[in-house]
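Below you'll find the structure, written out as structure tokens, and then a few comments.
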Amino acid sequence: MRYINAICACLLGLLISTSVLAASPSEAQQPLLLELTEVKLNKALPVLQQLETTEGADMLALFKTMLNGDLYYEKETRRLIAALKEQSVTRYSDLFSGEVLSDLSKKQVRKIKVNNKLRGYLGEAIARMQLNHPDSAVRKDAVRSLFSDLGSNTITLIRDARLKEQSRSVQEAMDVALALYRARHAEEATDRLQAIKDLEGSLEPEVRNQLTQLAENDPSRSVRKAAQTGLDKIDQQAEMYGFINQLFFGLSLGSVLLLAAIGLAITFGVMGVINMAHGEMIMLGAYTTYVVQLMLPNMIEYSLWIAVPLAFMVSGLAGILIERLVIRHLHGRPLETLLATFGISLILQQMVRTVFSPLNRQVATPDWMSGSIEINPLLSLTLNRLYIVAFALLVFMILLIVLKKTSLGLNVRAVSQNRDMAKAMGIRTDRVDAMTFGLGSGIAGIAGVALSQLTNVGPNLGQAYIIDSFMVVVFGGVGNLWGTLVAAFTLGVANKFIEPVTGAVLASILVLVFIILFIQKRPKGLFPQKGRAAE
Amino acid sequence: MSSLLSNFMSFSRINGDSKVAPFVVVLLVVTALASSCNLLMPEDSVFYVSTYTITLLGKYLCYAMLALAVDVIWGYCGILSLGHGAFFALGGYAMGMYLMRQIGDRGVYGNPELPDFMVFLNWSELPWFWQGMDQFWVAMLMVLLVPGLLAYLFGWLAFRSRVTGVYLSIMTQALTYALLLSFFRNEMGFGGNNGLTDFKDILGFDLQSDNTRVTLFIITALMLSGLLVLSKKIMQTRFGKVIVAIRDGESRARFIGYRTENYKVWLFVYSAMIAGIAGALYVPQVGIINPGEFSPINSIEIVIWVAVGGRGTLVGAIIGAILVNYAKTKFTAIMPDGWLFALGAMFVLVTLYLPKGLMGLVAQLKDRQLQNVNNRPNDKAEEGHA
Amino acid sequence: MSILDTTREVMRRDQVWPFLQDHSQDVDISHQVLLYVEGLNLSFDGFKALNDLNLYINDGELRCLIGANGAGKTTLMDVITGKTRCDSGTVYFGQSLNLLEKDEAEIAQLGIGRKFQKPTVFEAHTVMDNLELSLKSNKSVIPTLLATLNSEEYDRIDHVLETIGLKAERMMLAGSLSHGQKQWLEIGMLLMANPRLLLVDEPVAGMTVQEGERTAELLTSLAGERTVVVVEHDMEFVRSIARTVTVLHQGSVLAEGTMDEIQNNQDVIEVYLGEAP
Amino acid sequence: MISIKNVNQFYGGTQILWDLNLDIKPGSCTCIMGRNGVGKTTLLKCIMGLLPVSSGEILLQGEPLQKKKAEYRAPAGIGYVPQGRDIFPLLTVEENLKVGLPVRKDGAKEIPEKIFELFPVLKEMLQRRGGDLSGGQQQQLAIGRALVLEPKVLILDEPNEGIQPNIVKQIGDVILKLNKEEGLTVILIEQKLGFARRVGEEFRLMERGRVVASDRMDNLSEELIRQYLAV
Amino acid sequence: ADTIKVGVLHSLSGTMAISETTLKDTVLMMVEEQNKKGGLLGKQLEAVVVDPASNWPLFAEKTRELMTKDQVDVIFGCWTSVSRKSALPVLEELNGLMFYPVQYEGEESSKNVFYTGAAPNQQAIPAVDYLMNDLGVKRWVLAGTDYVYPRTTNKILEAYLKAKGVAAEDIMINYTPFGHSDWQSIVSDIKSFGSAGKKTAVVSTINGDANVPFYKELGNQGISSEDIPVVAFSVGEEELSGLDTKPLVGHLAAWNYFQSVESDANDAFISQWKAFTGNPDRVTNDPMEATYIGFKMWTQAVEKAGTTDVDAVEQAMIGQETENLTGGMAYMNKNHHLSKPVLIGEIQDDGQFEVVWETEGVVPGDAWSDFLPGSKDLIADWTAPISCGNYNTVTKTCSGQNY
Ligand SMILES: Nc1ncnc2c1ncn2[C@@H]1O[C@H](COP(=O)(O)OP(=O)(O)OP(=O)(O)O)[C@@H](O)[C@H]1O
Ligand SMILES: Nc1ncnc2c1ncn2[C@@H]1O[C@H](COP(=O)(O)OP(=O)(O)OP(=O)(O)O)[C@@H](O)[C@H]1O
Ligand SMILES: [Mg+2]
Ligand SMILES: [Mg+2]
């Protein structure tokens, strides 16, 4: 059933064309359609079921429109219409003829409600209708979404479709469906045994459930045994994929930590400013994403590409401003920077509260970032996380190059180690400071763009990440970018491996205790600065 | 020149000229005045000080004590603790547990043994760490011991492994954060997020009566004065000088033969105990203790009070704490929507224009006066020591 | 070992528990040698700073240690005073005290004082306090808390102030002294501690010739009663105080002997002195 | 080349330099001498702009310097070797040297080979952290670093402090070479008379924040030494 | 005094500002409206706003400030339980009056507080009934933030579900810290818990900010509402406005009010709110309705009592009736809790809820849950002769404190 979403997504595009093609409903269907507009929500299911089986026009368009919550009817004529929502305007068209009804206003129509139960049914019904869809991927998803509900008429449909089926992968899915059915319903133990054999290699949860049932309840001992063997095999696989999954979770948490911390690794790690406003720089980046989407509502798909450079600029400029106005006056007094930047963070928080309201803001996820790629039924990687891992690494690499290969990097380090001497060597320390702080803040802004895809965009966003960020930088070793990288991933992975055992709360506590104890072993973090000067 | 005099002189040179005695006198006089005005004046008199003000002042003084604790280690030993709220909260919890047990069967479920939240979570008996907390002296012992022991343990680990600087600061932050999360857990047996509240009386005195409140307030003021004087005295001994020496050159101090980790541990423990006492006095006056006190942001704020007042001056820390909290009270009432702007701006401006805090300002003014009077250049080479 | 054995071991009747033992051992100098350094090796990231170094210092001796920049002189002192851990080798103070087992504070309390190459004093303390802190006294927490200066100690401070010529600056913060003044103060701190062994790293750097002469006098007067090891590059100065000179090179001893021997040693001239002066 | 007129300087309330006047001739090598704490280092820091002067003028080739911020004084042609060397401790030797490259007029991207010819040790140590070097190596690095700037004036604050004799000599040679062969103006603070006599052409004696004697090195008399250098 | 003072005790900064600011505005709007109508007892109302800054001890302090310094006659305030618990002793000491507008865990009834939000039996139990009966849910995930409200609710639900014959292995309970933002593992656990072949639902008592990442993760891991519906008790229109709701369509929430319910009173309320805030996109939500009802009832009670004296108003409150915004009448019970209808709504892609189920008639709020062993014998009744917040019907005594 979880494939329904995917189906819906790919159907959306086809929606208009199919509705244009639909023939007008038959005699037998007319009264049912009328009833659909009148019936109470909890009585609608039988009507739909009848509509599915009654001869006449194809009900696919109707079902799809309804599933999407776009099915309306004209109050007067009781004619069914489909709504097409485009940003703020809604256009209506006749469901069957496809004729656009431009003079219809919101007042004249009423929505046909759906609830979860109906949605569930609609999804299945659509899947049944789509067993013959031209696209093999759709067919495959349709079959798989029917696994959990293999009634006899569904099975007949699948059996028929199997005969015509050309695509290898769809055939396999259909075979699994048929075997599932046999495993459940076959009278003869040998048939069930054969079915179990056919199911071998499939990782579908439905298969596992079926095997569990057989292993526990089947009257025949050999069937029970075979089912158990199959089950063990699946469990073995599940364990492995579970491990991979956890690793992925850990890495993705790590990359979030990395993104959040990496700007701080510059402002704090390299420049030595205890930057309590770092979280707010992240927040500014996230709000930039929000504003970009607000300004360009039609370009959600590209919004992030616009937001990344913009957020870098917004946060970077804010950083430069802060440096020029405040930090500059605090050279040689690193602890005071804590106080001042804390003040700044309060001001920035309240500022977004005033400008954007204290409520969270809505940031949409572009389609290319939503959903997941399914590697097999046991392992799927969510796309947004995948992108964020890649993005975090990319940002890290760029930063590394900037600091290692440009003169800025050298100058920053020289200034932070001995300001007076750097001046005497002709380094324009003011500019270096401003640029570095701007760079660190800008990177934080970029992190904000990424985080806007995962969590709240609100005034508290920064606060949520500031402590973690400091923890990561310190754990990795102040002033060492690689340390920050390793620390972020270590903490992420550790957290995700502890969490299933202890629960989320205890996992965080244990990770903290681990950090505290670790620092006793290595008082300067994972990658300490070595040598005489570091003392 | 007598050695004592030289002692004193040298001290005042290190850390600005902060006069403790006049401050203590002012503090006690204000306390006495406020208390008597609350108890003796009729409510409609202009001189009447409301109980609200008294509890507010009491709270400020507890915070001041906490700031004192931070200043002792930060100002004098350079250990920036971003987790002192933890010791404060632990002291507070110890007191809270005592007060909770004092409720007895007056809780909503009327269980004479178990506090309400335990009944609520179906616990059948008191966990071991609640045993004995109905005895005042046990509780008071815990107020000192629990923060002290934690500080000892943490300090022993950290200082022996020579964790210093930001690493130490962030570890203290991790410590308080871990405690925050732990105390949030209902399984811990401290009432989870709700914490301990709804106290009735302390040592048999009704917590809601004005007399008790005033007494608590006076005790807080006395305690604060006592601890201030004690801390000042300690800092004037050679121990104090060693502490400052550790701040400025730990390894040098080691090469002279001081086992610096011991000094730091003991100072840390002392400071944690002050924080614990502050917490214990805080709880009966505000009426609630919950894990929020462990929140890292709170601990950062404490540091800020100290910085605003001027670190390494003790009196400054106290003034800073009172001032910032007073400002918070005022700002939140005057401009509930914008007070964070004011507070934030205050922090920024203080850092920029009063690098040594308010006490620094005082010293500066005094210096200027001196210069004018004596027309003799004064030695002001107190470098900022990070 | 089983728990029982452990307990038995701990409870042995013939022996006091380790933590009750008196640790204030005396330095055993029955063989006239105060410091044994044997087979010392130390490398930093593959760079050998000390290379199988052997050195013996007699009790009451004044030894000069010279050697090229980077020869490992300061590093040797670091190892002796516990600042740096060596890779292998032994360092004994007297016959019985293994210095490698001890930490800086312990070593200092045993009576090894050190002056750093770069003057390090407590900048926020006055000159006076700097001296007070260095006073030889019980340095554990409680006694320090209760300590006050008695008149004898006070006189001592006065005396040292006189010696180092900072009497007028006694109330000044050490941080505002000039480079040379800090050097003197650090020497003063050494004197206050009254150590058995003084390790003095480049005492006259930044001093005028005349001041150097005074330092030389001071150090010579200290020797005999105490043992002094001086590192210095100023050959004039070395000649004025030296009895035995040891030359280090690339982490090991290159030559040892009287000043004259050393000055004519071809190797030393090549790597250190330059053409004969 | 550099002339200093009536400079006064304070640390907080304490006056360190009192109406100080000083003239450095172009192409000369001038030794500034005086006891500890008379203000030599302070004077140099004032020239470098690392300490503010409260009154007076500092001119470089007739142009006033005191308006220029410290970071523009190196490009103006002053190389500085501070007392205590002030190496960037966590930068490698190579990086320490490279810091000054952008200031060079020729826009070189690589460290000039000349530096390594003068101080061969630096070549060996190229990848080690500056802070790890021994004192003497650091001193050579500090001089090398200043030379990367291609300065017109080189200012050295006690460059021989803690340097082994043959390197002291070598540094002396280097200074002489730079001064004599390349015409670099050198200002040198030196406590050791021998060295001062060897490399210096001129001397300036300081006492309590003032220049009390200045002349050619040949004329540095025992009298003056006793008066201003002896304790 | 020449005005009647209304204290507003909602956090305007800190973590809770996100929810509470709206309620402050609601009270201000109600005050403004009342003043337009000529005030109360012939006097104008004056709102006194303070900011307790999401800091729990500050709630006590600010309560005291409102009562002694500003001398307010009533307080509308608090959101979290702990803030209420913090303010409570002060209210009781100074005999104040507070209206608490948020759904909470119950197990409390104070003479000085009126609870206009839902008790667990007005939200959680009906929601579970709906899932069980209408959607045929057999397997349950009780996911919550680790604090008292979710703990209690989940305990009640666990007891309730077991009483309904649900096996222990079909219940999964999971707690997360405040502000939890990394839901990958938990959602993946839920996913595998839900793939065991039985219809599964999540009952979410996840609090505040943690919801957004939770729903985002659900969407990304492909869990749709048809597979595993989530019913939430803390997610309302306001929370949805900060979310891209497309992936959430069909998930559920149980409340006593939804903005989408069509009624004249509601329409009027919504347009008044939009006008007041000057923002056509502002949404309304359940705690706002609770504030609205509380305020209406209070004005009625003051008028009935003819005074703002707390004791008189308190007695006058009991039995007050006010129109719900969703139709029908809200009724103030003797236990200081309201009788209200319970609605279940599905999230729509426009950020609104579609009501899919509602109780027949109103449900009286229960201060003490019948499903907790410690409190099933307790009732609250603030009328004579009992006049007690925790009366034990078995021992016939008022346990613990007597106010
Ligand atoms: N912590 C360290 N890390 C890396 N290398 C080090 C470290 N400490 C010392 N060294 C190296 O060890 C060598 C010896 O240094 P050391 O300071 O002992 O020389 P030195 O004899 O005191 O020289 P100088 O006379 O110049 O002071 C040097 O080459 C130095 O670079
Ligand atoms: N930061 C400071 N604050 C106050 N006084 C200072 C400071 N730095 C130096 N001084 C004082 O200024 C005077 C001159 O110091 P300076 O360092 O210029 O001396 P110098 O001539 O270079 O001595 P040396 O030969 O010892 O290096 C000294 O008396 C010193 O005490
Ligand atoms: Mg050395
Ligand atoms: Mg100097």
Side-chain angles (χ1 to χ4, degrees), chain B residues 1-16 75-78 160 162 230 233-267 269-270 312 378-386, chain C residues 77 81-83 103-116 119-130 132-151 153-154 157-158 169-177 186 189-190 192-193 195 199:
Chain B
M1 201 192 292
S2 89
S3 62
L4 224 143
L5 185 63
S6 86
N7 252 338
F8 184 76
M9 287 279 293
S10 64
F11 180 78
S12 59
R13 271 171 182 272
I14 301 167
N15 290 299
Y76 288 83
C77 200
R160 210 187 32 141
R162 303 199 179 163
L230 180 65
K233 277 269 166 316
I234 289 180
M235 289 309 159
Q236 284 170 345
T237 63
R238 193 181 292 167
F239 176 87
K241 288 178 191 170
V242 174
I243 290 295
V244 175
I246 291 173
R247 179 186 76 190
D248 297 331
E250 177 162 5
S251 81
R252 187 63 179 123
R254 251 189 237 128
F255 284 114
I256 300 184
Y258 294 101
R259 211 159 264 271
T260 55
E261 58 269 26
N262 290 350
Y263 283 78
K264 291 210 270 188
V265 168
W266 285 115
L267 193 72
V269 168
Y270 172 71
N378 214 345
D379 151 45
K380 283 192 306 183
E382 299 160 41
E383 296 279 74
H385 291 284
Chain C
M77 293 196 169
T81 52
K83 187 175 181 212
D103 65 11
E104 298 102 310
E106 237 171 320
I107 292 172
Q109 284 173 10
L110 283 175
I112 299 184
R114 176 169 183 192
K115 186 205 152 302
F116 287 86
T120 43
V121 293
F122 301 119
E123 311 225 326
H125 278 305
T126 58
V127 170
M128 176 95 184
D129 282 342
N130 266 288
E132 184 190 334
L133 287 174
S134 326
L135 203 62
K136 187 182 169 88
S137 61
N138 188 335
K139 302 216 162 135
S140 43
V141 176
I142 304 291
T144 310
L145 187 62
L146 303 175
T148 44
L149 278 181
N150 57 29
S151 60
E153 290 167 330
Y154 193 76
I157 293 182
D158 246 11
E169 285 87 1
R170 63 192 297 161
M171 280 304 151
M172 247 170 102
L173 292 186
S176 46
L177 295 178
E186 209 182 356
M189 289 166 75
L190 254 188
M192 289 303 300
L199 304 172

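Note on naming: letters A, B, ... go to the chains in the order of the sequence lines (proteins, then strands), and numbering restarts at 1 for each one.
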Hits for ring pair (Phe, Tyr, Trp, His ring centres under 6.0 Å) against C:F122, two or more places apart or cross-chain, chain-then-number order -> none

Is [X] close to chain B through its backbone or its side chain, or both, or neither, when contacts mean heavy atoms under 4.5 Å?
| X | answer |
| --- | --- |
| C:D103 | side chain |
| C:S140 | backbone |
| C:M189 | side chain |
| C:E106 | both |

Atom SG in B:C77, atom CD1 in B:I246: separation rounded to 0.5 Å?
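If I round to the nearest 0.5 Å, the distance is 5.0 Å.
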
Measuring from atom CZ of C:F116 to atom CZ of B:F255, what distance do you get when rounded to the nearest 0.5 angstrom?
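If I round to the nearest 0.5 Å, the distance is 4.0 Å.
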
Can you find a pair of side-chain heavy atoms, one from B:R238 and one from C:L149, that are under 4.5 Å apart?
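They are in contact (side-chain heavy atoms under 4.5 Å apart), so the answer is yes.
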
Is the shortest side-chain heavy-atom distance between B:M235 and B:L267 below 4.5 Å?
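Side-chain contact under 4.5 Å: yes.
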
Against chain B, work out which of C:V121, C:I107, C:L145 has the most heavy-atom pairs shorter than 4.5 Å and name it.
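Among C:V121, C:I107, C:L145, the one with the most close pairs to chain B is C:L145.
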
Relative to chain B, which of C:I112, C:T81, C:T144 shows the most heavy atom pairs under 4.5 Å?
C:T144

With a 4.5 Å cut-off on heavy-atom pairs, point out which of B:R252, B:K233, B:R259 contacts chain C the most.
B:R252

Using the test salt bridge (charged side-chain N to carboxylate O under 4.0 Å, His left out), find all partners of B:R254 that sit at least two apart in sequence or belong to another chain.
B:E250, C:E104

